[in-house]
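One structure below.
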Protein chains: 4
Amino acid sequence: MRKKPKQKRSRQMVDALIEATAQTIIDKGLDAVTTHHIADAAGVSVGSLYQYFDGKEMLIEALMDKLANDIASLLVQLPMIEGGSLRHNVQSIIEFGFSVLHSRDGLFLELVSNWNNLPTDKVMDTLQQSFMDLSRLYFLKNYQQNPIEDLHVRVFIIVNSVLFNMVRFIGQNTALLTQQQVVSGMTDMVVGYLNADQDPHGAQVLTP
Amino acid sequence: MRKKPKQKRSRQMVDALIEATAQTIIDKGLDAVTTHHIADAAGVSVGSLYQYFDGKEMLIEALMDKLANDIASLLVQLPMIEGGSLRHNVQSIIEFGFSVLHSRDGLFLELVSNWNNLPTDKVMDTLQQSFMDLSRLYFLKNYQQNPIEDLHVRVFIIVNSVLFNMVRFIGQNTALLTQQQVVSGMTDMVVGYLNADQDPHGAQVLTP
Amino acid sequence: MRKKPKQKRSRQMVDALIEATAQTIIDKGLDAVTTHHIADAAGVSVGSLYQYFDGKEMLIEALMDKLANDIASLLVQLPMIEGGSLRHNVQSIIEFGFSVLHSRDGLFLELVSNWNNLPTDKVMDTLQQSFMDLSRLYFLKNYQQNPIEDLHVRVFIIVNSVLFNMVRFIGQNTALLTQQQVVSGMTDMVVGYLNADQDPHGAQVLTP
Amino acid sequence: MRKKPKQKRSRQMVDALIEATAQTIIDKGLDAVTTHHIADAAGVSVGSLYQYFDGKEMLIEALMDKLANDIASLLVQLPMIEGGSLRHNVQSIIEFGFSVLHSRDGLFLELVSNWNNLPTDKVMDTLQQSFMDLSRLYFLKNYQQNPIEDLHVRVFIIVNSVLFNMVRFIGQNTALLTQQQVVSGMTDMVVGYLNADQDPHGAQVLTP
DNA sequence: AATGAATGAGGTTTCATTCAT
DNA sequence: CATGAATGAAACCTCATTCAT
């Protein structure tokens with residue numbers, strides 16, 4: 001960001017531009033956003049855009065920052081049922097995830113779908129971090145046992161798995177799968193994995 | 001494809017163009033691919049490119065087709081250890097997956113990373129189909145029992161999970177995770193899920 | 001034309017190419033003809049096309065030549081009613097003109113519409129010449145009087161007038177005018193003009 | 001037009017572009033006009049061109065609009081001699097027509113020659129409309145009689161006839177005809193036609 | 001003779017970014 | 001500060017023509 005908005009008007013403009021970026025992404029898709037579209041949507045001139053942001057990239061980055069914060073706040077408020085089973089809680093979170101991806105007219109969906117072309121991994125990182133905290137808390141509360149050592153690995157894997165499956169499912173237009181099936185399947189997988197013994201090579205009753 | 005290559009020279013050209021597309025994707029990334037780059041890399045003129053392909057999209061599609069076939073052939077040859085444990089086989093496949101993603105100077109990595117911008121889902125679809133076949137075969141051989149009903153859901157979820165985790169891991173340059181950890185974690189998760197009772201809430205009694 | 005077709009096969013090819021040119025003009029419009037279209041339509045290769053013609057221009061020129069001849073032969077056969085009134089004969093010719101413009105799926109219409117971009121004026125010239133002959137003959141037969149001196153001027157003016165009006169009328173899609181009205185109007189005009197005193201400044205009963 | 005010019009500078013630019021279009025048509029002919037030529041001629045970049053016009057077509061259309069207006073204003077100022085004979089006035093108009101076609105280095109000539117490839121019929125329509133008004137006025141003033149019913153047909157025919165004859169004559173480089181002859185001939189024809197009884201077969205009694 | 005593969009100049013259009021007003 | 005006019009590199013695609021086979 002070129003200039004720190006110190007005045008009220010400036011902060012409004014910065015916000016308007018970020019919001020306009022979001023709207024433009026929703027309307028035209030990430031690939032089709034142009035600085036002109038954003039400026040138009042924000043009701044300002046391109047010149048002003050460049051006075052506050054170094055370019056398109058920076059704007060998207062700013063948007064991602066904001067969204068990351070939004071998500072983080074949402075996640076900490078996630079109604080985790082105290083006495084609920086792990087399965088129940090996991091399923092709630094996954095369903096929450098779907099609702100987030102559908103929210104804002106698909107803004108998150110579009111962003112996650114294009115995660116690779118985004119200037120930062122902020123959203124992903126935030127998600128991961130939030131879930132990490134969430135999980136740590138959960139296990140601490142409910143198991144009061146020695147913390148799972150490789151929790152960060154599990155969270156990494158779970159977050160990525162759930163996220164990509166949701167995106168792939170939504171993006172897919174075949175009727176071969178229902179959301180109910182996907183939610184249920186992922187819940188099974190995640191719960192199983194979270195419950196799995198830490199020692200990956202320990203007692204394996206599961207081998208054929 | 002616009003024209004069917006009737007002469008030997010033209011078949012070579014078609015191949016050269018597809019190969020050049022691959023190389024350009026490797027060199028510059030999918031987004032930076034242009035018809036000129038491809039033509040240059042193939043050592044031919046743009047005009048020639050357009051004699052055989054309707055444009056960039058079609059070239060990428062052709063490349064994907066070819067790669068999908070390549071992968072399919074590789075997968076059927078996957079050394080599935082007959083007497084090996086499910087865990088062992090799953091781990092082998094995941095490791096094989098990593099090696100594929102690293103092969104061809106990251107071509108597959110780049111393509112899977114950008115799956116969303118690709119003209120076809122052929123590679124993903126092929127992967128899913130191949131794994132579906134593979135899994136069906138495996139369970140048939142090793143369990144000779146009633147087939148898993150929701151196998152297609154599980155395969156969908158597993159393929160997506162494993163794929164995206166690999167891509168994310170490779171694309172990530174933090175040293176917080178080792179490939180060994182990710183492989184191991186995913187193996188745990190996948191094996192657990194494959195063994196999970198079909199009735200999502202029942203007990204795990206699937207072992208032979 | 002590059003080569004004079006001495007062999008039967010060659011003459012067939014030349015004919016096929018000219019005919020293909022006509023068909024392509026009909027199908028795509030004069031502006032959209034390409035050598036490839038023509039060669040395709042003729043069922044030969046571009047290479048062959050260039051063996052017999054110096055390029056697109058020459059092909060169109062050849063087509064025009066052929067059409068000019070066709071028209072000329074048609075015109076000399078025009079059923080001029082011996083005892084018919086001038087008005088009747090003129091109207092017949094105009095109606096004949098309309099039918100020609102509509103013939104061959106609008107080939108003539110397309111050509112006359114684009115007369116300005118054509119390599120030769122052959123068709124126009126032929127038309128003019130044919131009508132000149134026709135008129136001369138008519139006046140000789142029916143009036144046996146001193147020939148109209150400025151006949152070539154009148155024919156020039158009449159041919160152009162009638163031709164362009166027909167083209168404009170056909171190209172127009174408003175329902176403001178009927179073909180019957182245009183034919184009738186042009187007949188009036190032409191007959192009046194042909195009958196007009198030769199001395200343009202002579203007895204003018206017509207002034208207001 | 002894409003953008004409405006809000007600043008003074010941009011209005012100048014729009015004008016410069018339209019003027020450059022005219023100049024390019026004069027210099028290279030309608031077919032050879034390219035966006036780059038126009039931009040070069042206007043002394044601006046292609047980008048600027050596209051900020052105000054959707055492309056070549058729109059520019060030509062804008063030019064035609066402007067010319068149509070110019071012509072319309074010229075025509076209403078046409079010095080119609082009050083007491084003059086119809087013949088005299090017709091001849092004046094035709095001569096005026098020739099001078100217009102020769103004006104602006106042949107711009108009109110080029111445009112009318114290519115009427116078929118132009119994006120709009122505006123010029124032709126304007127011409128027709130203007131002459132329609134002119135004629136109606138003339139007959140009203142001078143004959144104060146029942147208006148000629150099929151006036152629109154006559155005007156259509158006359159405008160087309162005169163226009164095309166002028167274009168053809170100018171485009172022709174044979175010395176077989178003099179402009180004087182063509183003017184005179186067309187005048188005869190037009191006057192005769194305008195005076196012709198409405199009943200196409202009756203006697204000519206229209207004179208006052 | 002016939003083929004059709006190969007060429008590449010030339011046309012259209014877009015868009016991130018700058019800078020005079 | 002804010003504006004939006006101006007830029008021009010860079011992408012896409014076509015088609016007349018040549019030439020090796």
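So you know, we letter chains A, B, ... as the sequences are listed, proteins then strands, and number each from 1.
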**Study point:** B:Lys66 and B:Glu19 ion-paired at < 4.0 Å
**Key:** yes
Check your understanding: Is A:Ser45 near enough to F:dG4 that one of its side-chain N or O atoms lies under 4.0 angstrom from OP1 or OP2?
Key -> no
**Study point:** Value in whole Å for how far the P atom of E:dC15 lies from CG of A:Asp31
**Key:** 11 Å
Exercise for review: Take the protein atom CG of A:Leu30 and the nucleotide atom P of E:dC15, then report the distance between them rounded to whole Å.
Suggested key: 13 Å
Check your understanding: What does nucleotides 11-17 of chain F look like as a protein-contact string, B for base, S for sugar-phosphate only, - for none, at under 4.0 angstrom between heavy atoms?
Key -> SSBBBBB
Exercise for review: Looking only at non-hydrogen atoms, find the nearest pair between A:Leu30 and A:Glu110 and report the distance.
Suggested key: N-OE2, 2.8 Å
Review point. With Watson-Crick and G-U wobble geometry limited to distances under 3.5 Å, how should the secondary structure of DNA chain F be encoded in dot-bracket form, using | for bases paired to another strand and [ ] for crossing pairs?
Key: .||||||||||||||||||||
Review point. Does the pair D:Phe53 and D:Val14 meet the rule for a side chain to side chain contact (heavy atoms under 4.5 Å, CB included), with working shown?
Key: CA-CA 9 Å; D:Phe53 296 94; D:Val14 164; 3.8 Å; yes
Check your understanding: Tell me: NZ of D:Lys28 to P of E:dG11, nearest whole Å?
Key -> 9 Å
Check your understanding: Less than 4.5 Å apart, any side-chain heavy atom of A:Asn114 and any of B:Asn114?
Key -> no
Review point. Rounding to a whole Å, what distance do you find between C:Asp40:CG and E:dA5:P?
Key: 11 Å
Exercise for review: Using the side-chain contact (heavy atoms from CB on, under 4.5 Å) rule, pick out the option among D:Leu59, D:Val44, D:Ile60 that qualifies with D:Ile38.
Suggested key: D:Leu59
Check your understanding: In whole angstrom, what separates D:Leu49's CG from F:dG8's P?
Key -> 14 Å
Review point. Closest approach of B:Asp54 and B:Met58, non-hydrogen atoms and distance?
Key: CB-CG, 3.4 Å
Exercise for review: Keeping the roles fixed (side chain from C:His36, backbone from C:Val46), state whether a donor-acceptor pair exists under 3.5 Å.
Suggested key: no
Exercise for review: Taking atom types as modelled, find out whether C:Thr21 and C:Thr24 have a side-chain donor-acceptor pair closer than 3.5 angstrom.
Suggested key: no
Revision key, fill the gap. Separation of E:dA16 atom C1' from A:Phe53 atom CZ, nearest Å, is 16 Å
Review point. How long is the line joining OH of B:Tyr52 and P of E:dT7, in whole Å?
Key: 10 Å
Exercise for review: List the steps and the verdict of side chain to side chain contact (heavy atoms under 4.5 Å, CB included) for C:Leu67 and C:Leu107.
Suggested key: CA-CA 10 Å; C:Leu67 293 180; C:Leu107 175 61; 4.0 Å; yes
Point to revise | Atom pair distance, as rounded to whole Å: CD1 in C:Ile38 and C1' in E:dG4 | key: 17 Å
